[in-house]
Amino acid sequence: MKKVCAAVSLAIVMVMLSSVFCFGAESLKIEKTVPFNGQEKTTKDNMCVKVYFNKAVGNKASKAVNKDKFKITNDEGKAFPTRIYYNSKNPKFALITIDTNKVKVRGSNAIQDNTYYTCTLSKGFTANDGGTLPADQKIRFRTLNQTRDTMVYMVMMFVLFGGMIFFTMRQSQKQKIDEAVEAGKKSTFNPYKEAQKTGKSVQQVVAEHKKALEKQKKKQARKGTGNAKDDPFRDGDAYRVKRPRPASEGGSTYKTGRRAIAEAEKAKKEAEKAARKANNYGKKKK
């Protein structure tokens with residue numbers, strides 16, 4: 001019985017140990033990348049690929065194994081100088097970049113616009129616990145067409161500034177016209193300029209101007225514009241009349257009796273004057 005129990009216990013321990021080994025040897029996986037596989041319009045400046053794993057990477061042993069297991073190439077298969085950076089605060093993260101110190105800024109060896117590039121992590125890329133990538137992992141992406149985008153931005157800016165200049169010039173021209181009209185309204189008659197413009201004498205121009213003003217005044221008087229500046233019969237807020245007129249001329253039939261009283265007063269004064277004359281103005285006869 002003791003032998004059977006010992007055999008069962010040994011079997012359980014072996015199963016448990018084998019499960020731990022299997023767990024420790026779990027494959028390394030890529031959970032996310034930036035840019036993602038197939039992404040368009042990525043920046044070519046400081047080109048890099050951020051890789052997020054399911055396990056920690058970057059200890060001394062895994063660094064030694066992984067130093068040649070990543071690369072970035074174009075569609076022609078040309079490989080660019082590449083470096084990898086690990087993060088001690090986030091051990092499941094790695095940053096793969098092109099070494100800009102070894103890549104030309106211009107020419108065929110430089111990073112190009114509107115071009116596909118592929119970041120490859122080779123089979124066997126190892127985590128800190130010994131887990132590895134079971135197969136090559138590729139992240140393919142394309143850089144943006146910066147020349148075309150710059151041209152689009154320039155066209156948009158040209159249209160924007162052109163519109164602003166157009167409307168500014170139009171507004172300025174309108175303002176000048178308004179100022180000219182206003183100045184024309186406020187300007188006084190200059191007989192010398194008018195004579196120079198028409199070829200007539202100054203006296204003739206002045207006479208014609210006076211005649212035109214009189215004609216305009218008569219016309220406005222007939223229309224009854226009521227304009228204090230142009231109406232010759234208006235004095236401030238009151239109208240002037242040519243002569244005093246009785247109310248009867250305006251159609252009134254009302255009689256106040258003032259005329260009769262005035263006539264009676266006049267007759268009385270004439271009678272008193274006649275009496276004084278008949279009495280020799282109060283003088284005694286000698």
Side-chain angles (χ1 to χ4, degrees), residues 22-161:
C22 292
F23 180 77
E26 182 184 359
S27 298
L28 179 65
K29 296 179 182 178
I30 295 175
E31 294 185 340
K32 185 178 71 171
T33 64
V34 179
F36 57 83
N37 186 32
Q39 185 168 339
E40 302 282 338
K41 297 183 179 181
T42 64
T43 178
K44 73 174 185 177
D45 299 324
N46 300 321
M47 181 187 290
C48 64
V49 178
K50 300 177 182 178
V51 185
Y52 297 85
F53 298 96
N54 65 333
K55 291 184 175 187
V57 295
N59 62 8
K60 186 175 181 180
S62 62
K63 283 182 180 180
V65 175
N66 298 333
K67 64 178 182 178
D68 297 323
K69 293 190 178 299
F70 56 89
K71 61 181 177 180
I72 295 178
T73 58
N74 58 15
D75 274 2
E76 297 176 355
K78 174 180 174 56
F80 294 85
T82 311
R83 302 182 66 178
I84 189 168
Y85 297 91
Y86 300 98
N87 189 343
S88 59
K89 295 182 180 180
N90 185 6
K92 294 183 180 181
F93 168 78
L95 179 67
I96 301 173
T97 67
I98 289 181
D99 190 351
T100 55
N101 294 325
K102 298 181 180 180
V103 176
K104 294 183 179 180
V105 178
R106 295 181 178 84
S108 59
N109 292 329
I111 305 300
Q112 304 295 325
D113 291 337
N114 195 29
T115 304
Y116 281 102
Y117 292 90
T118 302
C119 177
T120 304
L121 279 79
S122 303
K123 177 182 178 181
F125 192 96
T126 305
N128 293 347
D129 63 358
T132 59
L133 287 176
D136 290 351
Q137 301 293 316
K138 297 181 181 293
I139 304 99
R140 190 167 184 262
F141 52 91
R142 184 170 68 173
T143 55
L144 59 83
N145 191 341
Q146 194 166 353
T147 302
R148 183 187 62 188
D149 291 351
T150 303
M151 183 63 67
V152 172
Y153 294 145
M154 290 180 64
V155 171
M156 291 176 64
M157 290 181 64
F158 176 79
V159 172
L160 177 62
F161 284 105

Backbone N or O of [Y] within a donor-acceptor pair of the [X] side chain at under 3.5 Å?
X: N145; Y: N114; result: no
X: T42; Y: R142; result: yes
X: N74; Y: K78; result: yes
X: T143; Y: T115; result: yes

Inset, instruction - Could you tell me the separation between the SG atom of C48 and the CD1 atom of I72, rounded to the nearest 0.5 Å? - result: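 That separation rounds to 8.0 Å.
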
Legend entry - Interatomic spacing from OG1 in T120 to CZ in R140 - rounded to 0.5 Å: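 Output value for this atom pair is 11.0 Å.
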
Tell me, please, which residues at least two apart from [X] pass side chain to side chain contact (heavy atoms under 4.5 Å, CB included).
X: D113; answer: K44, Q146, T147
X: R83; answer: Y85, T97, D99
X: K69; answer: V65, N66, S122, F125

Inset, instruction - Check whether the side chains of Y117 and Q112 place a donor and an acceptor atom closer than 3.5 Å, and report yes or no. - result: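 Absent: no donor and acceptor within the cut-off.
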
Legend entry - Positive for side chain to side chain donor-acceptor pair (under 3.5 Å) with K55, one of N128, T126, D129: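 Going through the options one by one, the only one that passes is D129.
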
Are [X] and [Y] side-chain neighbours, meaning at least one heavy-atom pair lies under 4.5 Å?
X: I98; Y: M47; result: yes
X: V51; Y: I96; result: yes
X: V34; Y: V49; result: no

Inset, instruction - Indicate the atoms forming the closest heavy-atom contact of E31 with N54, along with that distance. - result: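 Scanning both residues, the minimum pair turns out to be OE2-CB, 3.4 Å.
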
Legend entry - Shortest non-hydrogen contact between S88 and P91, atoms and distance: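 Where S88 meets P91 most closely, the heavy atoms are O-CD, 3.9 Å.
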
Inset, instruction - Cation-pi check, K50 to Y52: give yes when NZ or CZ is under 6.0 Å from the six-membered ring centre and within 45° of the ring axis, no otherwise. - result: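 Not satisfied by the 6.0 Å and 45° rule.
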
